[in-house]
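Note on naming: letters A, B, ... go to the chains in the order of the sequence lines (proteins, then strands), and numbering restarts at 1 for each one. Computed from heavy atoms alone, side chains included, the values below leave out hydrogens, waters and symmetry copies. Bear in mind that the values here come from a model prediction, so they are computed numbers and not experimental data.
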Amino acid sequence: AQSVTQPDIHITVSEGASLELRCNYSYGATPYLFWYVQSPGQGLQLLLKYFSGDTLVQGIKGFEAEFKRSQSSFNLRKPSVHWSDAAEYFCAVGDDMRFGAGTRLTVKP
Amino acid sequence: GAVVSQHPSRVICKSGTSVKIECRSLDFQATTMFWYRQFPKKSLMLMATSNEGSKATYEQGVEKDKFLINHASLTLSTLTVTSAHPEDSSFYICSAREMGRPYNEQFFGPGTRLTVL
């Protein structure tokens, strides 16, 4: 069965520090992979997506993600976090957009 | 481009009444629209997939008579929560897949907050 796991429910980082949010998936073939961000009470904004090709994907707001087939992972990274990055982050997989449980990011001043 | 709107953004209703939520693709034609439900501090749960002009496909455990979905045109899908009860209170989000766009990307609406008293 297709599934996606975000192992970290909540992460706190200091402003300016680097960030990595983990996403692991279970899928029969190379999946479509997405990262979305959701601010409180808001809808979802697409940060980046991977369909094929270069495994390192650049997104908006300085985010990037790397598809690693051997690890079934698609981790989201940002070299320097800003206070405005505090939000909920969702990894999603597949044609039918199965979502992970989400990771809540808190940014300390 | 690829903007999806939802109306209303929030609604409060009495128990037993029905509520209709609209999802519109503003600048593209959407052959497929999806409805999600999100509980507080939880992930999105896919409720149903609707294709224009045909019946919606509901996920296991979602009552189709409770959550009526209509996708009457290529730019509009509606979700009607019938005989709403407090346990139906949630954040409902729709998304739309653009006709002809590759890779099945979905575009999400801003969500509708439903509170049933």
Counting only heavy atoms not in [X], do more than 12 sit closer than 6.0 Å to its [atom1] atom?
{"X": "B:Lys66", "atom1": "NZ", "answer": "yes"}
{"X": "B:His7", "atom1": "NE2", "answer": "no"}
{"X": "A:Arg77", "atom1": "CZ", "answer": "yes"}

Among the clusters formed by ILVMFWY side chains lying less than 4.5 Å apart, do [X] and [Y] turn up in the same one?
{"X": "B:Met45", "Y": "A:Tyr25", "answer": "no"}
{"X": "A:Leu47", "Y": "A:Leu33", "answer": "yes"}
{"X": "B:Leu68", "Y": "B:Val11", "answer": "no"}
{"X": "A:Leu56", "Y": "A:Ile60", "answer": "no"}
{"X": "B:Leu74", "Y": "B:Trp35", "answer": "no"}

### Query
chain B heavy atoms under 4.5 Å from A:Arg98: which part of the residue, side chain, backbone, both or neither?
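It is the side chain, since no backbone atom gets that close.
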## Note on the structure
Turns out that what part of A:Gln38 lies under 4.5 Å from chain B's heavy atoms comes down to side chain
### Task
Measure distances from B:Leu44 to the heavy atoms of chain A and classify the residue's part below 4.5 Å as side chain, backbone, both or neither.
both
### Task
Please state whether the side chain, the backbone, both or neither of B:Gln6 comes within less than 4.5 Å of a heavy atom of chain A.
neither
### Message
Quick check: under 4.5 Å, non-hydrogen atoms only, which of residues 110-117 of chain B neighbour chain A?
### Response
B:Pro110, B:Arg113
## Note on the structure
Among residues 83-96 of chain B, those lying within the under-4.5 Å heavy-atom range of chain A are B:Phe91, B:Ile93
### Query
Between CZ of B:Phe107 and CG of A:Leu46, what distance do you get to the nearest 0.5 Å?
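It is 8.0 Å, given to the nearest 0.5 Å.
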## Note on the structure
In terms of heavy-atom contacts, A:Tyr36 and B:Gln106 come closest through OH-O, 3.4 Å
### Task
Indicate the atoms forming the closest heavy-atom contact of A:Ala101 with B:Ser43, along with that distance.
CA-CB, 3.6 Å
### Message
Could you go through B:Gln38 and A:Phe90, starting from their C-alpha distance and side-chain angles, then the distance that decides it, and tell me whether this counts as side-chain contact (heavy atoms from CB on, under 4.5 Å)?
### Response
CA-CA 12 Å; B:Gln38 185 178 32; A:Phe90 293 97; 3.4 Å; yes
